[in-house]
Protein chains: 2
Amino acid sequence: MTAPSGPRKGRPRNADADGAILAATREALAELGWGGLTMGDVAARAGVAKTTLYRRWPSKNELVVAAVAEQLDELEMADLGSLRADIEAVVAQFAALLSAPETQAALLALFAEATRDPLLRKRVRESIIEPQKRLVIAGRAAAQTRGELPMDSCEEMASAAVDIIFDTVAGTVVHRMLVSGEPATAEWISAFTTLLLAPLTEIAAG
Amino acid sequence: MTAPSGPRKGRPRNADADGAILAATREALAELGWGGLTMGDVAARAGVAKTTLYRRWPSKNELVVAAVAEQLDELEMADLGSLRADIEAVVAQFAALLSAPETQAALLALFAEATRDPLLRKRVRESIIEPQKRLVIAGRAAAQTRGELPMDSCEEMASAAVDIIFDTVAGTVVHRMLVSGEPATAEWISAFTTLLLAPLTEIAAG
DNA sequence: CGATATACGCTACGACTCGTAGCGAAAGAG
DNA sequence: CTCTTTCGCTACGAGTCGTAGCGTATATCG
């Protein structure tokens with residue numbers, strides 16, 4: 001379904017233009033931010049006319065959402081064999097994602113817009129937040145099968161544990177990368193993981 | 001120093017206008033977001049002329065920074081007699097403040113703009129982030145006098161501890177309230193405090 | 001009291017951006 | 001060849017930022 005049955009008659013769209021425009025949007029977003037980004041500038045960077053942008057996306061907001069969504073389709077998670085390694089991998093992944101200036105500006109601009117647009121907020125949560133939560137769930141499950149963490153006594157506690165761990169990891173990394181503005185060095189990741197490991201078993205046990 | 005010795009001659013500024021303008025800014029920011037907020041609209045809401053805004057703040061950015069900073073000055077650190085109670089109280093305060101839509105939109109819009117504007121980023125850190133560290137400092141001092149935490153072995157370690165604690169608390173609460181969009185229930189606050197208390201003494205001890 | 005100095009509201013302005021409309025030309029389908 | 005769609009280009013109306021000028025209101029100083 002949703003077969004992209006493009007128009008069968010007429011001049012076809014430039015297939016390369018979409019990627020070039022979205023890349024130019026992310027580039028401009030990194031340099032100028034949401035407010036400083038202009039459609040004319042994006043068009044010039046992509047080497048197309050401004051009217052071409054509006055022919056493919058109805059507004060500046062929609063264009064930026066599409067540009068960020070395309071960027072966030074790369075997220076994955078690996079089982080590294082130990083709880084510490086998995087946590088450090090998750091933290092490093094967050095940090096790497098947030099170290100790109102274009103992602104910083106794009107994500108925060110999206111979050112800001114989402115605070116007053118419930119539809120956009122829902123889309124951000126489903127496309128960005130929940131997938132990251134699955135990383136925590138997978139890591140916990142792997143640690144439990146390895147015997148590093150006790151099995152969940154009940155489903156409710158497990159869900160709460162996932163939420164609190166995710167909020168702490170994501171929140172702290174985001175705060176450090178975006179607010180403090182300091183990079184997540186290997187030393188910092190290791191120290192934060194140590195800090196996180198101490199109470200983890202307690203919470204997991206319930 | 002920095003005695004705000006205002007001009008001694010000439011018509012004095014309307015003392016009520018500052019508060020009205022900042023309140024109008026937060027209100028407009030909640031309804032329209034950063035991009036939708038206009039200086040003319042803020043002036044109309046506050047019942048002043050647009051030129052009055054520019055007479056008191058040099059730009060839209062600075063006005064929003066001041067509006068958000070004023071909002072966050074409401075936070076206070078209460079001495080409730082135990083470290084756990086103090087932490088839970090300040091987390092609850094912070095969460096309650098961030099549950100207001102106007103604060104959500106304001107903070108996120110500000111952070112988003114700050115990712116591209118180093119000067120604005122610096123202003124945000126100085127006017128909003130750094131002043132809130134006083135809560136951590138006060139809470140730690142109270143806990144130390146009560147004997148719940150050891151005294152600082154050296155100033156450098158104490159400063160690092162304050163930074164880490166603040167980053168974790170602020171980052172986690174902000175993330176949960178603004179990004180995940182879930183309320184900070186009493187259960188969540190209690191669980192997060194437990195998570196925070198375990199490594200706290202280690203860090204404080206150095 | 002008058003002179004001085006500042007804040008105020010109002011209007012207008014230049015520069016810039018959004019998003020749209022119209023034009024001729026290009027590129028494919030039937 | 002004809003029809004349809006996309007393309008780049010130019011121009012436009014509406015709206016915003018931040019500034020300047022003007023007359024007026026309200027304070028301090030001599």
Side-chain angles (χ1 to χ4, degrees), chain A residues 3-22 24-25 27-29 31-67 105 109 112-113 116-117 120, chain B residues 3-22 24-25 27-29 31-67 109-110 112-113 116-117 119-120 123:
Chain A
S5 61
R8 283 166 170 66
K9 297 182 65 173
R11 175 176 176 175
R13 287 188 174 177
N14 186 339
D16 301 332
D18 265 60
I21 293 172
L22 293 180
T25 301
E27 182 185 309
L29 206 55
E31 292 179 14
L32 310 169
W34 183 292
L37 181 147
T38 70
M39 299 298 268
D41 184 44
V42 170
R45 289 172 191 258
V48 301
K50 195 177 67 168
T51 45
T52 298
L53 303 191
Y54 284 100
R55 197 174 294 117
R56 302 178 184 217
W57 293 274
S59 72
K60 181 170 150 180
N61 279 14
E62 292 296 324
L63 172 63
V64 176
V65 169
E113 286 293 315
R116 62 186 186 88
D117 187 339
L120 179 58
Chain B
S5 61
R8 283 165 170 65
K9 297 183 65 172
R11 176 178 177 175
R13 288 187 175 179
N14 185 339
D16 302 331
D18 265 59
I21 292 172
L22 294 180
T25 301
E27 182 185 308
L29 208 55
E31 291 180 15
L32 311 168
W34 181 283
L37 181 147
T38 71
M39 299 298 268
D41 184 44
V42 170
R45 289 172 190 258
V48 302
K50 195 177 69 169
T51 46
T52 298
L53 302 190
Y54 284 100
R55 195 174 296 116
R56 300 176 184 220
W57 294 275
S59 72
K60 183 170 152 181
N61 281 10
E62 293 295 326
L63 172 62
V64 176
V65 169
L110 208 50
E113 284 295 315
R116 78 168 177 99
D117 188 341
L119 220 64
L120 177 59
R123 290 277 304 130

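To find a chain, count down the sequence lines: A is the first, B the second, and so on, and within it residues start at 1.
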- Query: To the side chain of A:T51, which of D:dG8, C:dC18, D:dG21 is closest?
  - Reply: D:dG8
- Message: With a 4.5 Å cut-off on side-chain heavy atoms, are B:V42 and B:T38 touching?
- Response: no
- Base, sugar-phosphate alone, or nothing: which one does B:L53 contact when heavy atoms must sit under 4.0 Å apart? nothing
- So does A:K9 get a side-chain nitrogen or oxygen closer than 4.0 Å to the phosphate oxygens (OP1/OP2) of D:dC3? no
- Nearest-0.5 Å distance, CH2 of residue B:W57 to CG of residue B:D18: 4.0 Å
- Query: OP1 or OP2 of C:dC8 sitting under 4.0 Å from any side-chain N/O of B:R56?
  - Reply: yes
- Note on the structure: From the candidates D:dA20, D:dC17, D:dC7, the one with an atom nearest any side-chain atom of A:N14 is D:dC7
- Confirm from the modelled atom types if A:S59 and C:dC18 form a donor-acceptor pair under 3.5 Å, side chain to base only. no
- Rounding to a whole Å, what distance do you find between B:R55:CZ and D:dC17:P? 17 Å
- Would you please confirm or rule out a distance under 4.0 Å between OP1 or OP2 of D:dG8 and any side-chain N or O of A:T52? yes
- Could you give the CG-to-P distance, from B:D18 to C:dA7, as a whole number of Å? 12 Å
- With distance as the sole criterion, do the side chain of B:R11 and the base of C:dT6 form a donor-acceptor contact below 3.5 Å? no
- For B:L63 and D:dC17, what is the distance between atoms CG and P respectively, to the nearest whole Å? 11 Å
- Message: On DNA chain C, compare the nucleotides closest to A:Y54 and B:P12; which residue's is nearer the 5' end?
- Response: B:P12
- Query: Could you give the CG-to-P distance, from A:N61 to C:dT17, as a whole number of Å?
  - Reply: 17 Å
- B:R45/B:E31 salt bridge by N-O under 4.0 Å criterion: yes
- Task: Please state how far atom CG in B:L37 lies from atom P in C:dT17, giving the value in whole angstrom units.
- Result: 19 Å
- Task: Quickly work out the A:D16 CG to D:dT6 P distance and round it to whole Å.
- Result: 17 Å
- Query: Can you find a pair of side-chain heavy atoms, one from B:Y54 and one from B:L63, that are under 4.5 Å apart?
  - Reply: no
- Query: Is there a donor and acceptor pair closer than 3.5 Å between the side chain of A:T38 and the base of C:dC16?
  - Reply: no
- Item | Nearest heavy-atom neighbours spanning B:L37 and B:L32 | N-CB, 3.9 Å
- Nearest heavy-atom contact between A:L53 and A:V48 is CD2-CG2, 4.1 Å
- Item | Between the first and last five pairs of the helix from C:dC1-D:dG30 to C:dG30-D:dC1, the angle of the axes, rounded to 10 degrees | 10°
- Item | Minimum-distance pair of heavy atoms, taken over all atoms of B:A28 and B:D41 | CB-OD2, 4.0 Å
- Considering only heavy atoms and no angle criterion, is a donor-acceptor pair shorter than 3.5 Å present between the side chain of A:K50 and the base of D:dG8? no
- Query: For the pair made of CG in A:D41 and C1' in C:dC18, what is the distance, rounded to whole Å?
  - Reply: 14 Å
